[in-house]
Structure formats: C-alpha cells, structure tokens
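The model shown is predicted, which means the values in this text are computed figures rather than measured ones. Letters A, B, ... mirror the listed sequences (proteins, then strands); counts begin at 1.
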Number of protein chains: 2
Amino acid sequence: MSKTSQQIAEICGVSRGTVDRALNNRPGINPETKEKILQVAEQLGYRPHFLAQSLVKGSTRSIGAVLFDINNRLFPQLVNAIETRASELGYFLYLTLTNKDPEKEKDCLQHLVDRKVDGILLLSVNKGEAFEQFLGKLNVPVVTFGNLVSDGIPFVWVDDRAAIRDAVRHLAAQGYEEIIYLSPPMALAGKTNLYAVEQRYLGFEEAIAETPGLLTDIVLHKGYLEEIDALLRRGDKKKVILCTSDKYALKVLLHLKQKEIRIPQDVGLMGFDNIDTLAYISPALSTIAYSSDDVGTQAVDLLVDRIAGRDVPMRTTIPHRIVQGESI
Amino acid sequence: MSKTSQQIAEICGVSRGTVDRALNNRPGINPETKEKILQVAEQLGYRPHFLAQSLVKGSTRSIGAVLFDINNRLFPQLVNAIETRASELGYFLYLTLTNKDPEKEKDCLQHLVDRKVDGILLLSVNKGEAFEQFLGKLNVPVVTFGNLVSDGIPFVWVDDRAAIRDAVRHLAAQGYEEIIYLSPPMALAGKTNLYAVEQRYLGFEEAIAETPGLLTDIVLHKGYLEEIDALLRRGDKKKVILCTSDKYALKVLLHLKQKEIRIPQDVGLMGFDNIDTLAYISPALSTIAYSSDDVGTQAVDLLVDRIAGRDVPMRTTIPHRIVQGESI
DNA sequence: CTGTTAGCGCTTTCAC
DNA sequence: GTGAAAGCGCTAACAG
C-alpha cells in the first residue's frame, strides 16, 4: 500500500542510501539525482514511515499529558494551549486522563514511556518520595503544573499563597470584618496531592496573621452549604465568603440566591480561577484571574527545552490579578 | 538504558525466539525455560519496545482525534468520554486541534496517518467531494460526529432536525405565538461544514410548515442582539427566542437581564446542548439535552469495530430530550 | 558523489 | 522444544 524508500531507489536506479540523502537533504549528492529522486517521491506520494524512523532515531516528537479533573473548567483552555504550542513546535500530543486515581496515573505515565514519548506534562494526584523515585526511573523529562511533586521537577503555576494573601488584603481594604474561608477539597488533605489547595490555605493563614482585627471562619468539608447558613446567621460583622475555586463560589452563589440572601449587600463572595462560565453569571463574581493559556504554553516550552537538554528553571510563576466584580 | 529481549536471551542462555515465545505466551516452549525467562524479564524490568513491536505488527493501538472548537462547552465531556473509552479498550489517544482551519484539519489527518494510528475520530470543518477523496486516500478507518462528511463514513450524532421540530412543537404547545429563531453560525453557510447547524435550520422550517398560525423571525447573523431588541419591540404576540446553542442563549440571557426584560414573563428563551454551565444560571434555561458522553463513547466503539474489520452502521443517533427549565 | 553494510528491537518462519 | 535467519522501513558509518 504505502511506498517505501526502497521502491523509490529501485525506480530511480539508485540505492536507499542515496534516496535518504535526497529526502533528508543531506550533503554529498548530485543535484540532478536528488532532483529526480524528490520528483519520484513526490509523485509516488511517498511518506516516511514514522515508526521505522523513530525506532532508529530514538525520538518520536511526541509528548504525553497526564491530567486529572476534566471537570475543572480550566481543562479546555489548558488542553488547548498545550496542544497548540506542542503542535507549533512540531510535537504530537498523547492525552491521558487519570480521573484522580493515583494508580491509573502511574499506569498512564508508564505507558507513555513505553511509547517512547520525548517528554511528559503532569498534573498529578500522586506525591511523596516513592512517587518521585518512580518518576525518576521513568527516565524521561517531566514538567509539572498545578500540583508540585518535587523541587527537582520543573513546575509551572500561579503563586497561590500570594494570590490568597492579596485577596484577603483586598477584602479587608473593602471593609469586610469577617472572612469565611471555603475550601472543601482540603478535606482530602494527606490522601492525595493537594499542593495548590494547601498553598492557598497557607496564604490565608499568613494573611490573617498580619491582619489582627479580622474575624475568620474556616470551612473545609462537604457540608459547607449548611455551615455557611449557620455562620451567616451568627453575629453582625460585615461578612464575605472567600472560595478557593470558582466552582464552589458558583455553588454558594446559587444557594444564596435560593435563600434570597443578597450579594454583596448581605454577604460578599469571591472565587478563584476566573473560569469562563463567569461571563454568564450575575452578579459578576469577583475572583482571582490568571492565564491558563500561559500555564499550558510555558509548560510545553519548558518541556521542549528539557527534551533538548537545555537547563530550565524549577519554578515558573504565572502572574495573577484580582478581578473586581459586583459580588464584593 | 532500557532492556532488550536480546539481553534476556543472553542471560538465560537461550535465543530471542525462545524469549519471544515466553513473553507472548506462545506454544512450543518448555514450561521451565518459560518460567525462568519471565522471572528474568520481570526482575530486569523489561518492557517491550513499542516502536519495534508496532513496526513489525503494523498496528499501534492508537487512535487520533481531530477536533475543532475547544470553546464549545461540549469539548471537555467529549474528550473525556473519548479518552476514557479508548483507554478501556487499550487504545491511546492522539489529540489534535484544528481551530476551524480546514487546511490545518487536513494536516492533522495526514500527520496522524503518518504516525500509523489505527483509526481517526473526526469533527470536521471540511466537506465536499475533494475532501471525501482526501479521506479515502488516507486509507484508515474514520468515524465522524457533529458534522456529517459523507454518507459513506460512520456518523454519530443527535437527530438535530427532529430535536428542533420537537422544540418548536413544545413551544407552540406552551402557548407561544411567535418564535425568534437564532442561529448566528448560519452566516457562514457554504464556507465551512455546518451540517449540524443546517440540520437544525431544516428542522425549524419543517416545524413551522406544520404549524400554520405561528409567527417566525429568523436571525442568522452577528448583530443578533440589536435585532432581537428590535423584534421584541414589535407586535404583542407571546414571543420566545429559540437558540441553536446554549452559548448564544446565554449571551441573549445576559443581554436581556441588562435591559431588564424579564424571562419568561416578557419573552421566553430556549437553548440547545444542555452545557454544564447551565447548572449555575438563573432562571434555569430550557434546552435540548443529549449525552455527549454517549457521542464520544459510541464513536470510539464504532471506530474500534471498524479497525477490527467489523461492519458498523453509517448512522448512530443519540437520543435527545427537552429539558424544561424556568425560561419558557 | 554513490553503494554497501550494519544495525534499531521485535516477530515469525523454517529447520533441527 | 529451541535456534537461526529474514525482515519491518529507515538511518548512518564506511568504503569506494
């Protein structure tokens, strides 16, 4: 069915070596023979055999992405950015999804390595020394984002701590006297890699330490709607709910609307991520924005640098900014 | 670095042929030698070389997806379903994005074929005979969804025509007297593959033909918000805006809210797709729902059937249903 | 400038 | 039951 360099060689009455020189324009070939070979190849619709080529070259020009959490609204933007940049740089993308299963994540990594990908982009749920060793043994460049795995693996992300600190300062400056900090994923602390979530929490602790007068409530579990109801009934301070992701902020918003609690008159509300669903929400949600495109693009750039053997920074921080909506 | 079957052979003092028999448990090998070989392989951490294996077997157990329109909210669900099913069936997924560029789409297809994918999933912007021939020459199983390319290529999707007919009947039954049909993508008709969009329009024409009393306005261009404003000012029939996707319905909804036009008291609003953003919108948008998971899963199933040489139906229809929200 | 040769790592056929 | 040899399609080193 498909043509081989051998066939071209036969037609042109030369050897495969010569055909190879023509096709990959390497020196040491008569321009005329080269011309002829290229013509024949063209007309035969010759396409190099990727597997054979990769087998001998040891490079596949493909990268693997291992992601969890398709539900996160960042996903499409991230995947888009990754695929686009990879494609620009001549790489193909294997996409694998782990659904937050640590074992499946390891499986995906191993299988990608088996397929000889040149590098891997990883948004991990695994962590710890055993996992770091596992990654090391894979012997392939890895770049992480979202959740840090190791200080020795390049990591691209927002400075979550600083972002939350900024948010708290911003809320305090707006005259809020009590902050309800909402981060249900923290309930899984210790069970899975929650680096980003934990960093945000640390940022919150730091911020309240530097703002003595501020009252705080911390809600880190599934039954958060009930607890918020209870908290809102208590006291008469000017309150705001600070959510560590827009997803939860939106759930809270829906809940408050149903209870006819007004935002921001009765309570303020702030999210994190600036997911694009927000464009359709009213009141416009205040949130922390950053470019998920940048995360994806930079991660690919770093990975390709590593593949090429270049040194890359272990931390790449994507800038964030506070988006002032109508909800605070 | 990585171990080869040759190395195992040497260690065990046998030939590569025997090692192969052990590893791929084929008959004709002494159970004891087999046992030993497997042990050595295990302990060496032997992994078969994917490229070499594929080269000789002619199959890569990978499928390619060629998609446009990452912005469509269906994307995450679709990609999730595709990857999950492919992975269940032992296939890896190459993801390529075309950004609605017909040439890039062809590029992606060609490159995937070069990489010897076993089959391709295609959401196309291309259409027409030349493209069908192009696909034919690729000589690889293809399954399409979203936009039909050819009657000769398996296609998985909703029955858009019936869905819109159902919607119109439903609206008429609710007492609406005038329907504003909103489908801005139709402005590109002829320039790109708009099968789904066009089918919806045909469904609309069919439905109004069977419902004589109904007034209709058809809006098929970018300046739809202004036109809707104008239409709403005119006459005093009970009006509803039927949008061919939730995305536009949400833009309209936001616009109407800003103008303080009440939904559904002043005008009804209906979408199509039931994207998950709707969960956070009020009033709850009425829409047409179908399972994008099913689209992805079935498409993969069909593709794998085709790869295995089995016959598959040329049309697979995913059921739809009307979701009654609060917006009509 | 060009041909020959030897692999890349695996599968598969055919002898023994 | 096992080994030897050929071949998948390509690249690269070495002669000529």
Side-chain angles (χ1 to χ4, degrees), chain A residues 1-41 44-62 110-111 113-118 139-140, chain B residues 1-41 44-62 110-111 113-118 139-140:
Chain A
M1 196 65 252
S2 57
K3 319 299 180 190
T4 70
S5 66
Q6 175 70 281
Q7 293 178 37
I8 301 182
E10 282 164 13
I11 294 176
C12 296
V14 296
S15 74
R16 282 154 69 205
T18 307
V19 171
D20 188 56
R21 276 180 271 259
L23 259 26
N24 300 322
N25 42 268
R26 289 188 316 186
I29 182 172
N30 182 323
E32 286 171 29
T33 21
K34 178 170 178 176
E35 184 61 23
K36 184 177 173 197
I37 291 172
L38 288 179
Q39 267 183 24
V40 172
L44 239 50
Y46 170 81
R47 306 237 107 213
H49 193 297
F50 169 75
L51 297 170
Q53 212 166 246
S54 301
L55 176 58
V56 66
K57 289 220 214 165
S59 145
T60 57
R61 289 202 79 84
S62 30
Q110 182 62 62
H111 282 306
V113 170
D114 287 350
R115 292 198 167 221
K116 309 292 173 191
V117 294
D118 295 344
N139 208 38
V140 66
Chain B
M1 197 65 251
S2 57
K3 318 299 179 190
T4 70
S5 65
Q6 174 71 280
Q7 294 177 37
I8 301 181
E10 281 164 14
I11 293 176
C12 298
V14 297
S15 74
R16 281 151 71 205
T18 306
V19 171
D20 188 59
R21 275 180 271 261
L23 258 26
N24 301 322
N25 43 269
R26 289 188 318 183
I29 182 172
N30 182 325
E32 286 171 29
T33 22
K34 178 169 177 177
E35 183 59 24
K36 184 176 174 199
I37 291 172
L38 289 179
Q39 266 184 23
V40 172
L44 238 50
Y46 171 79
R47 305 237 106 212
H49 193 298
F50 169 75
L51 297 170
Q53 210 166 247
S54 300
L55 177 59
V56 66
K57 289 220 212 167
S59 147
T60 57
R61 289 202 80 83
S62 31
Q110 182 62 63
H111 282 304
V113 170
D114 287 350
R115 291 198 168 222
K116 309 293 174 192
V117 294
D118 294 343
N139 208 39
V140 66

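When the nearest nucleotides of DNA chain D are assigned to B:N30 and A:Y46 by heavy-atom distance, the more 5′-ward of the two goes with B:N30.
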(request) Show your working on side chain to side chain contact (heavy atoms under 4.5 Å, CB included) between A:L23 and A:L38 and close with a plain yes or no. (result) CA-CA 7 Å; A:L23 259 26; A:L38 288 179; 3.9 Å; yes

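Between the CD atom of A:Q6 and the P atom of D:dT11 there is a distance of 13 Å, rounded to whole Å. Remark: C1' of D:dG7 and CG of B:L55 are 9 Å apart, rounded to the nearest angstrom. C:dC8 atom P lies 21 Å from atom CZ of B:R47, rounded to whole Å. Spacing between atom NZ of A:K57 and atom P of D:dA12 amounts to 6 Å, rounded to whole angstrom units. Whole-Å rounding puts the A:K3 NZ to D:dG9 P distance at 12 Å. Between the CD atom of B:Q7 and the P atom of C:dG9 there is a distance of 9 Å, given to the nearest Å. Atom-to-atom, NE2 of B:H49 to C1' of C:dG7 comes out at 13 Å; the value is rounded to the nearest Å. In this structure, B:E10 places its CD atom 12 Å from P of C:dG9, rounding to the nearest Å.
Within the 4.5 Å cutoff, side-chain heavy atoms of B:D20 are placed close to those of B:R26. Two residues are said to be in side-chain contact when any heavy atoms from C-beta on lie closer than 4.5 Å; B:N25 and B:K34 meet this criterion. A heavy-atom distance below 4.5 Å is found between the side chains of B:T60 and B:F50. Here the side chains of B:H49 and A:L55 are in contact, with some heavy-atom distance below 4.5 Å. You'll find the side chain of B:R115 reaches within 4.5 Å of the side chain of A:R61, heavy atoms only.
Side chain of B:A52, nearest nucleotide from D:dA12, C:dT12, C:dG9: C:dG9.
Of the residues in residues 32-39 of chain A, none has a non-hydrogen atom less than 4.0 angstrom from any atom of DNA chain D.
Pairing each heavy atom of A:T33 with each of A:V14, the nearest pair is CG2-CG1, 4.5 Å. Contact between B:A9 and B:S15 at its shortest, heavy atoms only, is CB-C, 3.8 Å. Considering every non-hydrogen atom in both B:S2 and A:K116, the closest pair reads OG-NZ, 4.2 Å.
The residue B:I29 sits close only to the backbone: its heavy atoms come under 4.0 Å of sugar-phosphate atoms, none of a base.
Contact annotation: A:Q53 reaches the phosphate of D:dT11 (side-chain N/O to OP1 or OP2, under 4.0 Å).
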Restricting to nitrogen or oxygen on both sides, can you table the protein-nucleotides 3-6 of chain C pairs closer than 3.5 Å?
from: C:dG3; atom 1: OP2; to: A:S15; atom 2: N; distance (Å): 2.9
from: C:dG3; atom 1: OP2; to: A:S15; atom 2: OG; distance (Å): 3.3
from: C:dG3; atom 1: OP2; to: A:T18; atom 2: OG1; distance (Å): 2.6
from: C:dG3; atom 1: N7; to: A:R21; atom 2: NH2; distance (Å): 2.9
from: C:dG3; atom 1: O6; to: A:R21; atom 2: NH1; distance (Å): 3.3
from: C:dG3; atom 1: O6; to: A:R21; atom 2: NH2; distance (Å): 3.2

